[in-house]
Enquirer: 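Shown below is the structure under consideration.
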Amino acid sequence: MLELLDIHKHYGSLRANDGVTIAVERGSIHGILGENGAGKSTLMKVLAGFITADSGEIRLDGESLPTGSTKRSLESGVGLLHQDPLHCMPFSVLDNFMLGRPESFILDHSTAQAELNRLSDEFGFSLDPDVPVRTLTIGERQQLEIVRLLSLGIRVLILDEPTTAISAEQRTSLFATLRTLAGQGMIVLFVSHKLEEVDEICDRVSVLRLGRLVGEAELPVPTERLVEMMFGEMIVQSPRVTAEPGEPVIDLESISLHDRLVTLDDISVKVHTAEVVGLAGLEGSGQQTLLRVAAGLLSPARGSVRIGGETLTGRGYRRHLDAGVHYLPADRLGEGLVEGLTVKEHFALAGIEPQGFLLDWERASSEATARIEEFSVKGTVDSTPESLSGGNQQRLLLAMMPEKISLLVMEHPTRGLDIESAELVWTRLLARRSDRTAILFASADLDELLRYSDRIVVFFAGRILAVLDATETDSEAIGYLIGGKERV
Amino acid sequence: MDAVTIASIIAAATPLVYAALGETITEKAGIVNLSLDGTLLLSAMVAFATAQTTGSVLLGFAAAAGTSAIVAGIIAFSSIELKLNQIAVGFVLFLLAGDLSSLLGQSFVREPGPSVPPLNIAGLSDIPWFGKVFFSHNLSVYGSMVLIIVTYWYFYRTRAGLELQAVGERPEAAFARGIHVERLRYIYTFVGGAFVGIGGAAFSLDVKFGWSEGHVTNFGWIVLAIVIFGGWHPARAALGCYLFGALQVVALKLQPTFPSFTQVLGIMPFPVMIFMLVAINRPAFRSLGDRLGLFRRFLRAEAPGGLGTIFERG
């Protein structure tokens with residue numbers, strides 16, 4: 001039995017974990033549920049030795065576990081599978097498998113490979129030991145991590161949001177693996193903010209909110225009760241809104257382009273005014289590349305880009321901006337905002353009204369004040385973006401959008417945001433749609449694609465596999481399609 | 001080319017091989033030692049001064065290795081403990097070490113002193129051609145050859161080498177696997193720094209014997225370039241050093257033919273080297289590597305993912 005006893009972890013005044021106590025039986029899959037910032041990740045990092053708790057104790061089968069050392073946690077049998085598995089991407093699968101294992105000083109590749117193959121076969125994974133890890137999908141990398149952790153003899157497996165970037169087929173396979181492991185007596189901790197998944201796979205769930213344990217339940221339990229525990233209130237999801245699409249705003253025709261890991265092959269997509277088109281697909285299937293073509297950041301090798309009837313192929317980002325295209329990148333802090341510059345300075349740099357050579361700080365300040373109020377960004381005009389939470393960074397980006405845009409291009413608009421923040425973001429986006437703005441976005445969240453898109457374009461390995469009417473499909477069908485398969 | 005010319009190329013490149021392998025080791029662990037040009041000067045001076053004072057060439061090499069390891073250690077300490085920028089600290093140390101070598105080396109300028117004695121390897125040096133090229137040098141040169149092989153073997157065949165690469169590639173991944181990121185970064189910065197120092201000693205006690213102000217200036221920068229274009233691969237970096245050695249020897253041989261270009265020929269190897277390195281890093285060359293499975297690692301130039309970054313736990 002695994003026991004977390006009265007775990008406290010503070011970061012300054014923030015109580016990331018405030019006296020959390022959880023007990024998990026052997027051979028069970030235990031859900032750790034909570035919205036972003038609830039303290040799930042902190043708790044799991046404490047358990048896996050990544051950070052030291054301020055106070056509290058962890059016991060496994062009655063024995064106290066060491067804290068604050070990943071090495072000793074692994075030796076005691078606790079392994080953490082990260083959301084984005086921590087691999088050395090250029091290294092081969094086998095090298096990543098061997099790294100950190102108690103190998104002999106002179107590496108014995110063949111013995112390690114036999115071990116890798118044996119464990120892979122046991123769970124029906126197929127992992128090519130010689131290819132670089134960067135060519136693997138997230139799902140395959142998770143399999144590699146699971147196999148690696150098992151070979152270290154772990155007794156507790158922690159999975160942090162494992163289903164974020166994998167296909168439905170890989171998810172089914174992952175869940176089957178977890179059930180097998182639990183059947184063998186393993187303690188599996190399944191960290192998630194997705195209610196349906198916790199409900200599907202877990203035997204029991206602990207719900208965290210603001211660093212505290214707010215409830216526990218044997219599953220299955222009505223979803224409403226879990227939502228209530230997670231948020232402390234009922235959240236009513238806004239009903240689906242539609243608008244009548246008009247003229248085509250952007251017409252991407254037979255786009256072909258080679259970009260790092262993916263080759264776009266003859267892709268054609270049109271988006272009309274007041275239409276929302278969602279791009280589905282596993283990470284790196286080509287949807288991000290297409291978005292960058294639409295935004296003018298990449299020029300296609302072949303094909304044409306027409307915006308508002310004008311051909312803009314290869315005319316660059318600046319020209320696209322002038323044509324009313326606005327791009328919101330997934331990497332908010334890396335590409336969207338400038339670290340170290342205050343909110344006010346952001347508005348001076350790229351505010352609603354362009355500034356002249358000499359900056360009008362008062363205007364920038366009043367613009368910033370009004371906008372962050374309007375978009376309820378929790379921060380001041382003097383905050384820097386890195387001090388804001390992910391949700392507030394996204395709201396700040398939205399607040400900086402110019403008044404008149406004809407096409408909004410977005411990568412993962414709500415990635416890393418909790419349900420409340422995501423709702424707020426989409427309310428704003430859909431308000432733009434009512435002003436006839438066309439929206440083209442990519443997301444890994446199938447429910448988001450289904451709820452907000454009019455049409456869903458499914459990518460697989462640089463090709464369009466299907467174009468679906470969002471009202472006539474479901475997440476399961478898309479889940480199989482993004483893995484390259486029809487529903488079985 | 002005759003055996004004597006090739007032998008002289010190998011000898012001329014020896015200090016660079018030590019320095020380039022040392023820097024490759026350090027950078028593989030994720031730390032950039034930008035002070036190389038100053039460190040080479042300082043260690044060359046320390047090596048000569050120590051050997052001249054004590055009469056022991058070996059002590060000269062040891063003192064140079066120690067000095068250079070300490071300079072490298074400052075970079076590791078300021079990056080790991082103080083979270084300072086490695087480039088900035090390295091650059092300051094480059095200036096400091098260079099000036100220090102001028103200041104402390106004043107009384108050793110153009111003085112006589114001991115040098116590495118030649119050592120023909122019995123039996124092997126009599127083999128026609130090969131014996132002349134590879135086995136009629138001194139211990140410093142043999143050591144550099146051994147170091148190439150040992151570094152390659154260590155990087156790609158041992159557990160410690162895999163861990164070293166992981167620490168430089170993605171320290172978070174190494175940490176998650178229970179590897180002591182900070183400790184390894186310290187160790188390999190020290191070890192790499194020590195080899196750079198041995199490179200400096202190989203200049204002042206052998207290849208470019210003696211000491212004068214700015215004795216081996218600019219070689220540190222070319223070594224940094226060789227490490228980068230060598231794709232952080234020990235064999236490729238060594239090859240770069242030999243290429244540069246060849247250019248130096250060619251320039252030297254051309255001097256009697258073009259007496260009025262003596263000055264130009266002296267610096268020609270530097271720009272020519274840069275152009276050659278740029279040429280072999282063309283994408284076409286790299287995609288060749290993808291097609292040739294066996295040499296893939298050799299041909300794919302890739303910086304360690306975590307190079308120059310500061311590692312934060314948790």
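So that the names make sense, note that chain A is the first sequence line, chain B the second, and so on, each numbered from 1. This structure is a prediction, so every number in the text was calculated from the model and none was measured.
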Enquirer: Which heavy atom in A:L74 sits nearest to a heavy atom in B:G178, and how many Å separate them?
Expert: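 Shortest heavy-atom separation between A:L74 and B:G178 comes out as CD1-N, 4.1 Å.
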Enquirer: What part of A:S104 lies closer than 4.5 angstrom to a heavy atom of chain B: side chain, backbone, both or neither?
Expert: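 Just the backbone, heavy atoms under 4.5 Å.
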Enquirer: Counting only heavy atoms not in A:E63 (residues, nucleotides, ligands), do more than 12 fall under 6.0 Å from its CD?
Expert: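 Atom CD in A:E63 is not packed in, count stays at 12 or less.
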Enquirer: Mark yes or no for whether B:T158, through its side chain, and A:I106, through its backbone, hold a donor-acceptor pair below 3.5 Å.
Expert: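 No, because the side chain of B:T158 does not come within donor-acceptor range (under 3.5 Å) of the backbone of A:I106.
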Enquirer: List the atom of B:A166, the atom of A:L99, and the distance in Å for their closest heavy-atom pair.
Expert: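 The answer is CB-CD2, 3.3 Å.
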Enquirer: So, the side chain of B:R170 versus the backbone of A:C88: is there a donor-acceptor pair under 3.5 Å, distance only?
Expert: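 Between the backbone of A:C88 and the side chain of B:R170 there is no qualifying donor-acceptor contact (under 3.5 Å).
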Enquirer: Would you mind reporting whether A:R148 and B:R177 have side-chain heavy atoms less than 4.5 Å apart?
Expert: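 Yes, close enough: below the 4.5 Å cut-off.
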Enquirer: Quick one: do A:R101 and B:R159 satisfy side-chain contact (heavy atoms from CB on, under 4.5 Å)? Show the steps, please.
Expert: CA-CA 9 Å; A:R101 267 163 48 93; B:R159 189 190 67 227; over 6 Å; no
Enquirer: Hey, is A:D95 close enough to B:R157 for a salt bridge, meaning N to O under 4.0 Å?
Expert: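 Looking at B:R157 together with A:D95, the answer is no, because their closest N to O distance does not fall below 4.0 Å.
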Enquirer: Nearest 0.5 Å please: distance from the OG1 atom of A:T70 over to the CD atom of B:E172.
Expert: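 It comes to 12.0 Å.
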Enquirer: Under a 4.5 Å cutoff for heavy-atom pairs, which residue among A:N96, A:L107, A:T52 has the most contacts with chain B?
Expert: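 When all of A:N96, A:L107, A:T52 are compared, A:L107 has the most.
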Enquirer: Just say parallel, tilted or perpendicular for the rings of A:F50 and B:F175, cut-offs at 30° and 60°.
Expert: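 A:F50 vs B:F175 ring planes: perpendicular.
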Enquirer: Where on A:F91 is there a heavy atom nearer than 4.5 Å to chain B: the side chain, the backbone, both, or neither?
Expert: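 Contact with chain B involves the side chain of A:F91 alone.
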